[in-house]
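First the structure, in the form of structure tokens, and then the observations on it.
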Amino acid sequence: MTYLQRLIANTLIFISLSVLFPQQVFVESLTIVIAASFVLSLLNTLVKPILTLLSLPLNILTFGLFSFVISAGMLQLTSHLLGNYRFGFSSFGVSILVSIVMAIINGIVSEHNMDKYTDGH
């Protein structure tokens, strides 16, 4: 999946979750959602690899499930950088659920894109 496709997918995920769960996921406007997707992509590029490396023993111990906690932390950091009143989650548990949903949807979109480019005749 290209960078632009991932930004669009994350933007649509944030919008969808804020409509489906307005009490748990708060988004002020479309501009904030796009900014949140961009900030999240920067944090996932710059900060997440360092946290993943530092938490490698814990990640191995939990069979990779701790990576959802790291992703939730990236979502919380994104919320903090943009302002909780503009983009936020009601709790850390909701952030974990959002990171799981994002992983599933991004996996489906990535799989769909891979099927497009493989020669499966």
Side-chain angles (χ1 to χ4, degrees):
M1 181 162 36
T2 66
Y3 179 73
L4 184 59
Q5 288 172 330
R6 190 169 301 270
L7 275 179
I8 292 170
N10 288 343
T11 301
L12 292 175
I13 291 167
F14 290 147
I15 291 170
S16 300
L17 290 175
S18 70
V19 169
L20 290 172
F21 306 107
Q23 299 296 332
Q24 286 80 23
V25 180
F26 176 72
V27 174
E28 184 180 61
S29 67
L30 181 62
T31 307
I32 293 298
V33 172
I34 294 169
S37 295
F38 182 71
V39 169
L40 182 63
S41 71
L42 287 176
L43 290 173
N44 283 342
T45 301
L46 301 173
V47 178
K48 190 175 181 180
I50 297 167
L51 291 177
T52 303
L53 185 62
L54 290 174
S55 67
L56 190 60
L58 189 55
N59 216 349
I60 291 171
L61 187 64
T62 62
F63 300 108
L65 293 177
F66 191 72
S67 62
F68 291 120
V69 175
I70 294 172
S71 294
M74 295 296 99
L75 288 170
Q76 287 288 328
L77 188 56
T78 300
S79 174
H80 180 70
L81 291 173
L82 291 175
N84 291 332
Y85 59 94
R86 291 183 174 159
F87 176 80
F89 307 96
S90 62
S91 67
F92 192 74
V94 171
S95 297
I96 290 175
L97 291 175
V98 170
S99 70
I100 292 170
V101 169
M102 290 179 76
I104 291 169
I105 293 174
N106 283 327
I108 291 169
V109 172
S110 294
E111 173 98 11
H112 182 265
N113 277 346
M114 293 304 289
D115 289 344
K116 255 189 343 190
Y117 296 113
T118 58
D119 190 25
H121 298 224

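Keep in mind it's a predicted model, so treat the numbers as computed, not measured. What you see below is based on every heavy atom in this structure, not just the backbone, and it leaves out hydrogens, waters and symmetry mates.
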For Ile70 and Thr52, which heavy atoms make the closest approach, and how far apart are they? CD1-CA, 3.9 Å
Reported CD1-to-CG distance for the pair Ile13 and Leu40, which is rounded to 0.5 angstrom: 10.0 Å
Are Leu30 and Leu12 linked, directly or through other ILVMFWY residues, by side chains that come within less than 4.5 angstrom of each other? no
Give a yes or no answer on whether the side chain of Thr2 reaches the backbone of Gln5 with a donor-acceptor pair at less than 3.5 Å. yes
Rounded to the nearest 0.5 Å, how far apart are OG of Ser37 and CZ of Phe14? 5.0 Å
In Å, rounded to the nearest 0.5 Å, how long is the span from OG of Ser71 to CG of Asn106? 10.0 Å
Within a reach of under 6.0 Å around CZ of Phe68, are more than 12 heavy atoms found that belong to other residues, nucleotides or ligands? yes
Grouping I, L, V, M, F, W and Y whenever their side-chain heavy atoms are under 4.5 Å apart, do Leu54 and Leu61 come out in a common cluster? no
Answer yes if Leu53 and Ile60 sit in the same cluster of Ile, Leu, Val, Met, Phe, Trp and Tyr residues linked by side chain heavy atoms under 4.5 Å apart, and no otherwise. no
Starting at OG of Ser91, measure out to CD of Gln24 and round the result to the nearest 0.5 Å. 8.0 Å
Once rounded to the nearest 0.5 Å, what's the spacing between atom CD1 of Ile32 and atom CG of Leu82? 6.0 Å
Quick one, Val25 with Val94, criterion side chain to side chain contact (heavy atoms under 4.5 Å, CB included). Give me CA distance, side-chain angles, the key distance, then yes/no. CA-CA 8 Å; Val25 180; Val94 171; 4.2 Å; yes
Are more than 12 heavy atoms from other residues, nucleotides or ligands located less than 6.0 Å from atom CZ of Phe38? no
When the aromatic ring centroids of Phe89 and Phe87 are compared, is their separation below 6.0 Å? yes
How close do Ser99 and Ala72 get, heavy atom to heavy atom, and via which atoms? CB-N, 3.9 Å
Hydrophobic clustering (ILVMFWY, side-chain heavy atoms < 4.5 Å, transitive) - are Ile8 and Val101 grouped together? no
Is the CZ atom of Phe63 crowded by more than 12 outside heavy atoms at less than 6.0 Å? no
Examine Ile34 and Phe26 and state if one hydrophobic cluster contains both, with Ile, Leu, Val, Met, Phe, Trp and Tyr joined whenever side-chain heavy atoms are less than 4.5 Å apart. no
Using only atom types and a distance under 3.5 Å, with no angle test, would you say the side chain of Ser79 pairs donor to acceptor with the backbone of Leu75? no
Within this structure, what is the OG-CD distance for the pair Ser18 and Glu28, rounded to the nearest 0.5 Å? 12.0 Å
Can Leu58 and Val69 be said to form a side chain to side chain contact (heavy atoms under 4.5 Å, CB included), step by step? CA-CA 11 Å; Leu58 189 55; Val69 175; over 6 Å; no
Would you mind reporting whether Arg6 and Ser110 have side-chain heavy atoms less than 4.5 Å apart? yes
